[in-house]
Amino acid sequence: MTSAGPGRPRNQQPSRPGATARDEILDAAAELFTTHGFANTSTRSIADAVGIRQSSLYHHFKTKDDILEDLLEGTVLAGLAFARAVTALPNGESTPGSRLHAVALYDGTQLCSSRWNLGVLYHLPEARGGRFARFLAERQELRNLYGELGALLSPAAPAAVSGNPGDLAFRLVESLVNLRADGMATSDSPLQAADAGLILCGLGNELPAIRGQSTALIARLG
């Protein structure tokens, strides 16, 4: 038996990714929540998957809801930080289309490249409750930033869609969660979703230039 820190005995050598026992707990919970369901997963089963005692898990998380909250926030925080940075750029530094594309591509890449398909947790009834108000506010802010970027497109560009083109891009990116759940997501899927959003906004002819600027924005701010 090895030790994960004071008061946290471990039953086996660490077998999960993560620099700390907390990270390993999150990884185990992410696997169990996405494969067996949140309601069907107990804190004991999470502890067993990590190789620690159930009582030791409570040194890091008081409840199962606390674990879910961390996992939900982890799906939006990186994309939100990037979207904030992009929307804060001075006008004229890049085109509105490239900004929207960069946010969609970065966000979609986060959803598709995580170890577990945590986006499926958005559909949990528990995730809609007031207990997760902070996550819901962060996700809504991200959606609003998509909308702000979409509103900056030229008046002629959104003619191909009804409503805000930024919100369309947001919904296309989140559709990657279902694509991944169906086993159909590939490494190209985030780019395809970002491209589709711009094409449906009438910017297909500008896509090569938009892609170049989008890539540069991600390299600079991501």
Side-chain angles (χ1 to χ4, degrees), residues 1-85 106-143 173-185 187 189-190 222:
M1 177 182 295
T2 59
S3 175
R8 294 182 288 277
R10 183 184 297 278
N11 296 326
Q12 60 189 41
Q13 291 294 331
S15 60
R16 290 186 171 273
T20 66
R22 182 185 179 89
D23 293 336
E24 293 174 32
I25 290 168
L26 288 171
D27 181 73
E31 178 182 10
L32 293 171
F33 290 169
T34 55
T35 56
H36 298 293
F38 178 75
N40 294 327
T41 299
S42 66
T43 53
R44 178 178 294 277
S45 63
I46 297 171
D48 288 345
V50 178
I52 60 175
R53 295 175 182 169
Q54 185 180 15
S55 59
S56 299
L57 181 147
Y58 296 126
H59 286 282
H60 304 281
F61 298 97
K62 293 181 180 179
T63 68
K64 191 170 68 166
D65 281 352
D66 290 338
I67 300 175
L68 178 60
E69 182 176 41
D70 261 33
L71 292 174
L72 287 170
E73 290 191 8
T75 67
V76 299
L77 288 179
L80 178 56
F82 181 76
R84 286 170 175 167
Y106 186 89
D107 192 19
T109 300
Q110 300 300 307
L111 288 175
C112 284
S113 63
S114 60
R115 177 169 158 84
W116 307 106
N117 188 18
L118 293 173
V120 298
L121 302 179
Y122 294 169
H123 305 302
L124 289 173
E126 295 86 352
R128 303 287 179 176
R131 171 65 179 78
F132 303 101
R134 187 170 61 189
F135 156 71
L136 293 172
E138 289 163 345
R139 183 166 173 252
Q140 186 59 51
E141 182 186 352
L142 176 59
R143 187 170 192 166
V173 168
E174 290 215 334
S175 72
L176 293 171
V177 172
N178 292 331
L179 194 70
R180 185 175 176 184
D182 291 338
M184 298 176 64
S187 59
S189 294

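In what follows, every heavy atom counts, from backbone to side chain, and hydrogens, waters and symmetry copies are set aside.
Between the side chains of Thr20 and Asp23, a donor-acceptor pair is found at a separation under 3.5 Å.
Ser45 contributes no side-chain N or O that, together with a main-chain N or O of Thr41, makes up a donor-acceptor pair within less than 3.5 Å.
The line from NE2 of His60 to CD1 of Ile25 is 4.5 Å long, rounded to the nearest 0.5 Å. His36 NE2 to Glu31 CD: the interatomic distance, rounded to the nearest 0.5 Å, is 7.0 Å. The CG atom of Leu80 sits 12.0 Å away from atom CD of Gln110, with the distance rounded to the nearest 0.5 Å. Rounded to the nearest 0.5 angstrom, Leu57 CG and Ser42 OG are separated by 10.0 Å. In this structure, Asp107 CG and Leu142 CG are separated by 5.0 Å, a value rounded to the nearest 0.5 Å. Atom CG of Leu136 and atom CZ of Arg143 lie 12.0 Å apart (nearest 0.5 Å).
With a 4.5 Å cut-off on side-chain heavy atoms, Phe38 and Asp65 count as touching. Annotation: side chain of Ile52 is not in contact with side chain of Glu24 (no heavy-atom distance under 4.5 Å). At a threshold of 4.5 Å between non-hydrogen side-chain atoms, the residues Leu72 and Leu118 do not count as touching. Here the side chains of Ile46 and Phe61 are not in contact, with every heavy-atom distance at 4.5 Å or above.
Here the options are Lys62, Lys64, Gln54, the test is side-chain hydrogen bond (donor to acceptor under 3.5 Å, both in side chains), and the partner is Thr43; only Gln54 passes.
Counting all heavy atoms, side chain and backbone alike, Leu121 lies closest to Leu68 at CD1-CD1, 3.8 Å. Nearest heavy atom pair, residue Leu176 against residue Gly108, reads CD1-CA, 3.7 Å. Counting all heavy atoms, side chain and backbone alike, Ser189 lies closest to Leu179 at OG-CD2, 3.7 Å.
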* Evaluate the salt bridge (charged side-chain N to carboxylate O under 4.0 Å, His left out) criterion for residues Glu174 and Arg139: first the C-alpha distance (whole Å), next the side-chain angles of each, then the deciding distance (0.1 Å), finally the verdict. => CA-CA 11 Å; Glu174 290 215 334; Arg139 183 166 173 252; 2.5 Å; yes
Under 3.5 Å, which donor-acceptor pairs link side chains of residues 122-132 to any protein atom two or more places apart or in another chain?
unit_1, atom_1, unit_2, atom_2, d
Tyr122, OH, Thr75, OG1, 2.8
Arg128, NE, Tyr122, O, 3.4
Arg128, NH2, Tyr122, O, 3.4
Arg131, NH1, Glu69, OE1, 3.2
Arg131, NH1, Glu69, OE2, 3.4
Arg131, NH2, Asp66, OD1, 2.2

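For Ala181, the side chain to side chain contact (heavy atoms under 4.5 Å, CB included) partners at least two apart in sequence or on another chain are Asn117, Val120. Here Arg180 pairs with nothing under the salt bridge (charged side-chain N to carboxylate O under 4.0 Å, His left out) rule; sequence neighbours left out.
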